[in-house]
J.: 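Let me begin by handing over the structure; questions about it come next.
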There are 2 protein chains.
Amino acid sequence: MKNFDTVSLSFCGGSHDHGRCVITAIKAAEELCHSKGVRLTDARKRILELVWDSHHPVGAYDVLSKLSQESGKTAPPTVYRALDFLLEQGLIHRIESLNAYVGCAHPAEDHAGLFLICNKCGCAAEVHDETIDQTILTKASNLGFRPEQRTLEVRGICPDCQNPQ
Amino acid sequence: MKNFDTVSLSFCGGSHDHGRCVITAIKAAEELCHSKGVRLTDARKRILELVWDSHHPVGAYDVLSKLSQESGKTAPPTVYRALDFLLEQGLIHRIESLNAYVGCAHPAEDHAGLFLICNKCGCAAEVHDETIDQTILTKASNLGFRPEQRTLEVRGICPDCQNPQ
DNA sequence: ATGTAAATGTTATAACATAACAGTAATGAA
DNA sequence: TTCATTACTGTTATGTTATAACATTTACAT
Ligand SMILES: [Zn+2]
Ligand SMILES: [Zn+2]
Ligand SMILES: [Zn+2]
Ligand SMILES: [Zn+2]
């Protein structure tokens, strides 16, 4: 039973306690990895934290440069391996239209997200809608297509950027 | 009034007269560009033909190498400029999850496509569904988000690859 | 003919991602 | 504990996708 009804949208301007987002995400990741019997190593955890640095999708090379700053020279495979792991475990999502990555707040649920991405500030909010999921799956199935993955990204202007102070 | 009800799906195995697809697409492009007062130059038309070479999304560098074969050395900007033009005019779509481009069979209609992309053969079929479009737009609007563009890509197995001969 | 804007050519480089192989750390069995 | 096995990480090189910047040519209107 999914439980995304009260998803807490965090657009850029929504001044929230983001430290809390990060702590919650890391805790969830630790529990999830433990229950799955996979290893959330230091490197993976640190890169997950860097992705969660904000609600803006972050490029692999942004992560790389932050990591290099704090840990000395680091090479791309280090980052991509960790990102691949995190994607596999559902701890982050990849935003295809940005070649960037963003933390998932519902890693325990098997889901495909719908991303609302602001063209002005670049923030991305993940939302869910059973009806949309279902309608898309039905449409594909009716055409004889067997769906496996799904990418749904809506670009536009987020509430905060529509009403700047 | 949109008119996609009888969309002719072309998955890979659907052995159809593809020459006809290309001719139709080029003719439509010429008419559309004329009516819009933009120039479908030789280079742009040729690159549109190369994208329409099949129903498989094609990478920019694939186009580039074909073009180089027939016209001598060509540089990336030549291809990307033409692709950008064709995207602006709605003559092709970009498949974000593949970094590739595919011809649009309904360029005159203002639309966002739903792409069914086969993980086995790589073919892509563009379909449309008013209900899906509407549901997504409503969802976004209800959250205070003002949508501008949309990417919807479903990966899976196409009918032809489910029942190989 | 001539000025202007649009389109194209050309060179270089940025941005994103993976292959291949060597070394190290964790884990479990003998 | 030792050893073998596997998972993880380090490192170098390279592949793939995309754009910046500026020179030249072409189309078009005056
Ligand atoms: Zn937050
Ligand atoms: Zn998610
Ligand atoms: Zn065809
Ligand atoms: Zn289309």
Side-chain angles (χ1 to χ4, degrees), chain A residues 29-30 33-34 36-51 56-89 91-102 117 122 151 153, chain B residues 29-30 33-34 36-51 56-89 91-102 117 122 151 153:
Chain A
E30 285 171 338
C33 287
H34 183 261
K36 285 192 187 178
V38 296
R39 292 173 52 207
L40 186 65
T41 61
D42 287 351
R44 290 165 173 174
K45 191 197 289 190
R46 184 66 192 121
I47 286 173
L48 179 58
E49 285 170 354
L50 290 173
V51 171
H56 291 223
V58 61
Y61 278 73
D62 294 333
V63 172
L64 181 60
S65 75
K66 287 183 196 169
L67 205 58
S68 294
Q69 278 181 306
E70 64 185 41
S71 311
K73 199 185 121 225
T74 309
T78 301
V79 172
Y80 281 103
R81 281 170 186 151
L83 292 175
D84 287 346
F85 170 85
L86 297 170
L87 284 170
E88 271 165 27
Q89 306 306 324
L91 295 167
I92 62 174
H93 293 286
R94 177 177 160 83
I95 307 296
E96 298 290 350
S97 60
L98 293 174
N99 295 330
Y101 306 82
V102 69
I117 304 158
T151 297
E153 297 168 13
Chain B
E30 284 170 339
C33 287
H34 183 261
K36 285 191 187 178
V38 297
R39 292 173 54 209
L40 187 66
T41 61
D42 287 351
R44 289 164 175 176
K45 190 196 290 189
R46 185 68 193 121
I47 287 173
L48 179 58
E49 285 168 355
L50 289 174
V51 171
H56 291 221
V58 61
Y61 278 73
D62 295 333
V63 172
L64 180 60
S65 76
K66 288 182 194 170
L67 205 58
S68 294
Q69 277 181 305
E70 65 187 38
S71 310
K73 196 185 122 227
T74 309
T78 301
V79 172
Y80 281 102
R81 282 169 185 151
L83 292 175
D84 287 345
F85 170 85
L86 297 170
L87 284 169
E88 271 166 27
Q89 306 306 323
L91 295 167
I92 62 174
H93 293 285
R94 177 176 161 83
I95 306 297
E96 299 290 350
S97 60
L98 293 174
N99 295 330
Y101 306 81
V102 68
I117 303 157
T151 297
E153 298 167 14

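All values reported here derive from a predicted model rather than from experimental measurement. Each chain gets a letter, A, B and so on, in the order its sequence line appears, and its residues count up from 1.
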J.: More 5' along DNA chain C: A/A100 or B/V38, using each one's nearest nucleotide?
T.: B/V38
J.: Kindly write out the residues that satisfy side-chain hydrogen bond (donor to acceptor under 3.5 Å, both in side chains) with B/R44, not counting sequence neighbours, or none if the list is empty.
T.: none
J.: Between the protein and nucleotides 23-27 of chain C, are there any N/O to N/O pairs under 3.5 Å, and if so, what are the atom names and distances?
T.:
none

J.: Could you work out, with side-chain hydrogen bond (donor to acceptor under 3.5 Å, both in side chains) as the rule, every residue matching B/D62, not counting sequence neighbours?
T.: none
J.: Are any protein N/O atoms closer than 3.5 Å to N/O atoms in nucleotides 9-12 of chain D? If there are, list each pair with its distance.
T.:
residue	atom	partner	partner atom	Å
D/dT9	OP1	A/T41	OG1	2.8
D/dG10	N7	A/R81	NH1	2.8
D/dG10	O6	A/R81	NH2	2.4
D/dT12	OP2	A/K73	NZ	3.1

J.: Write down the distance between CD (B/E96) and P (C/dA17), rounded to a whole number of angstrom.
T.: 12 Å
J.: So which protein nitrogen or oxygen atoms get under 3.5 Å of nucleotides 15-17 of chain D's nitrogens or oxygens?
T.:
none

J.: Throw together a table of side-chain donor-acceptor distances under 3.5 angstrom for residues 79-89 of chain A, partners on residues two or more places apart or in other chains.
T.:
residue	atom	partner	partner atom	Å
A/Q89	OE1	A/K36	NZ	3.2

J.: Say you draw a straight line from NE2 of B/H56 to CG of B/L98; how long is it, rounded to the nearest 0.5 Å?
T.: 11.0 Å
J.: Rounded to whole angstrom units, what separation is found between the CG atom of A/L83 and the P atom of C/dC16?
T.: 12 Å
J.: Go through the structure and list residues passing side-chain hydrogen bond (donor to acceptor under 3.5 Å, both in side chains) with B/Q69, not counting sequence neighbours.
T.: none
J.: Starting at atom CG of A/L87, determine the distance to atom P of C/dT18, rounded to an integer number of angstrom.
T.: 10 Å
J.: Restricting to side-chain contact (heavy atoms from CB on, under 4.5 Å), what partner residues turn up for A/T74, sequence neighbours left out?
T.: A/L64, A/L67, A/S68, A/T78
J.: In chain order, what residues pass the side-chain hydrogen bond (donor to acceptor under 3.5 Å, both in side chains) check against A/S97, with sequence neighbours excluded?
T.: A/E153, A/R155
J.: Distance check needed: C/dA7 P versus B/I47 CD1, whole Å only.
T.: 14 Å
J.: What distance separates B/L40 CG from B/E30 CD, expressed to the nearest 0.5 Å?
T.: 6.0 Å
J.: Would you say that more than 12 heavy atoms from the other residues, nucleotides or ligands in this model lie under 6.0 Å from the NZ of B/K45, or not?
T.: no
J.: Working note: A/V58 + A/L50, criterion side chain to side chain contact (heavy atoms under 4.5 Å, CB included); need CA distance, chi angles, decisive distance, verdict.
T.: CA-CA 9 Å; A/V58 61; A/L50 290 173; over 6 Å; no
J.: Separation of B/F85 atom CZ from C/dA7 atom P, in whole Å?
T.: 7 Å
J.: Sequence neighbours excluded, which residues qualify as salt bridge (charged side-chain N to carboxylate O under 4.0 Å, His left out) partners of A/R46?
T.: A/E49, A/E70
